[in-house]
Amino acid sequence: MARISVEPRRFSLARRALFRTVESACRLAGGRAFYRSRYLSAGRFWIRREEVLIPGLAAQLDGYTLAQLSDFHGGPFLRASDLTDALDRVAALAPQAIVLTGDFATHRPEEALEIAPAFVRLRAPGGVYAVFGNHDYKWRREAEIALALERAGVRMLRNAHFSPAPGLVIAGIEDLEEGKPSDLDAALAGAPADATKVLLSHHPDGLTHAAERGIALVLSGHTHGGQVLLPILRSLGPRHPGDRVQHGATTLLVSHGVGAIGLPLRVGTRAEALLVTLRRG
Ligand SMILES: [Fe+2]
Ligand SMILES: [Fe+2]
């Protein structure tokens, strides 16, 4: 059984109170409108293009495109209507499949439920898939969020997989910090051995386990690209392993995400979607 986990970061009460105070002040000062116009509006939202060489990729999958969006963080700085430009931009890229790698909420499940209907804007011939991030398990109401996303046409991959095209498997695991159990064996059970496998893992630390299982590509988020890349504030966010990491034959791509937490601000990183093209290596 490949149950994997990472110890969650827990902040002290004092530090959490400080975060909440700063967040409330930013919200009252118009942080949401600022974030939308500065990072999510047409022309500001970044499309990052990546090509991944995969040995043994089936000939008919050469050139297959996947779009990835991550870390929406509905809540004080983002609501459903703020996502319109970014989601339409991704849909216009006409990817063959679209994946969402978690953190729909920030503090409360209601935040994820509010943004979920917006994902009807995403349509792809191979389908739209999602996993949860650590923020989505608050009050253990993730089943409600899953239902809302599925109503918007998003297939949840909770330690499960789906084949959007012959020779290709997209697997998803529960979040490594909060979604116990994260079970890679269960996620891959019944998947054809010779299929090219893509793993959705909100937390980038899924990489080493994925490499052991012959997964070609891991798509993660969680780090927000550091979000505020200033020396004093850098320690506020989770460790960012790099945009693209190679571990043996497995490639990890880490999205900088869409939304923000703590401050409605990004420094040294943009809000982005990835457009990934698979190539025969
Ligand atoms: Fe996040
Ligand atoms: Fe996260």
Side-chain angles (χ1 to χ4, degrees), residues 4-11 15-16 19-20 22-23 26 31-32 35 39-40 45-46 48 68-79 82-83 86 99-109 111-112 114-116 118-119 130-142 145-146 149 156-158 172-180 182 199-207 218-229 233-243 252-274:
I4 49 184
S5 65
V6 169
E7 199 56 40
R9 294 186 318 150
R10 301 282 189 230
F11 295 118
R15 199 164 173 183
R16 289 212 301 271
F19 284 167
R20 288 296 188 113
V22 171
E23 188 182 83
C26 290
R32 181 185 149 209
Y35 193 84
Y39 304 104
L40 302 178
F45 188 69
W46 178 246
R48 183 171 132 208
Q68 180 199 7
L69 289 148
S70 196
D71 295 81
F72 303 93
H73 289 290
F77 307 136
L78 186 142
R79 294 178 68 81
D82 302 320
L83 286 169
V99 301
L100 315 174
T101 46
D103 277 358
F104 297 92
T106 303
H107 300 298
R108 297 177 295 111
E111 298 161 339
E114 195 274 331
I115 66 166
F119 296 106
V131 291
F132 285 136
N134 51 311
H135 285 255
D136 300 320
Y137 298 88
K138 302 273 169 80
W139 284 276
R140 292 287 143 176
R141 286 173 55 194
E142 66 271 21
I145 301 173
L149 288 169
M156 294 302 302
L157 296 176
R158 307 189 63 187
I173 50 173
E174 299 281 296
D175 177 63
L176 268 56
E177 286 188 359
E178 305 287 351
K180 295 168 183 65
S182 301
L199 177 69
L200 313 183
S201 170
H202 176 71
H203 200 299
D205 281 8
L207 171 64
V218 182
L219 297 172
S220 295
H222 185 54
T223 65
H224 304 190
Q227 192 175 314
V228 181
L229 291 173
L233 293 173
R234 194 170 291 167
S235 65
L236 287 178
R239 186 182 62 85
H240 183 54
D243 294 353
L252 166 70
L253 295 175
V254 186
S255 168
H256 288 208
V258 174
I261 56 171
L263 296 168
L265 185 67
R266 286 175 172 264
V267 177
T269 166
R270 289 182 270 204
E272 69 175 15
L274 267 70

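Read the numbers this way: they start at 1 and go in the same order the structure lists the ligands and their atoms. Numbers here simply count residues along the sequence, with the first being 1.
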key: Name of the residue among Ile145, Asp103, Thr101 meeting side chain to side chain contact (heavy atoms under 4.5 Å, CB included) with Phe132   = Ile145
inquiry  = Tell me whether Tyr137 contacts the main-chain N or O of Glu142 through its side chain, where contact means a donor paired with an acceptor under 3.5 Å.
reply    = no
note = For His222, the N, O or S atom at the shortest distance from the Fe ion (ligand 2) is ND1
query = Tell me, which N, O or S atom in Asp103 is closest to the Fe ion (ligand 2)?
reply = OD2
ask   = With a cut-off of 2.8 Å, does His224 place any N/O/S atom under that distance from the Fe ion (ligand 1)?
value = yes
inquiry  = Is it true that His222 and Asn134 share a donor-acceptor pair across their side chains at a distance under 3.5 Å?
reply    = yes
N, O or S atom of Asn134 closer to the Fe ion (ligand 2) than 2.8 Å = yes
note = The single option from Arg48, His256, Arg266 that satisfies side chain to side chain donor-acceptor pair (under 3.5 Å) with Glu272 is Arg48
query = Hey, what's the ring geometry for Phe104 with Phe72, parallel, tilted or perpendicular (30° and 60° as the breaks)?
reply = parallel
ask   = Are any N, O or S atoms from His203 nearer to the Fe ion (ligand 2) than 2.8 Å?
value = no
remark   = Closest to the Fe ion (ligand 1), among the N/O/S atoms of Asp71, is atom OD2
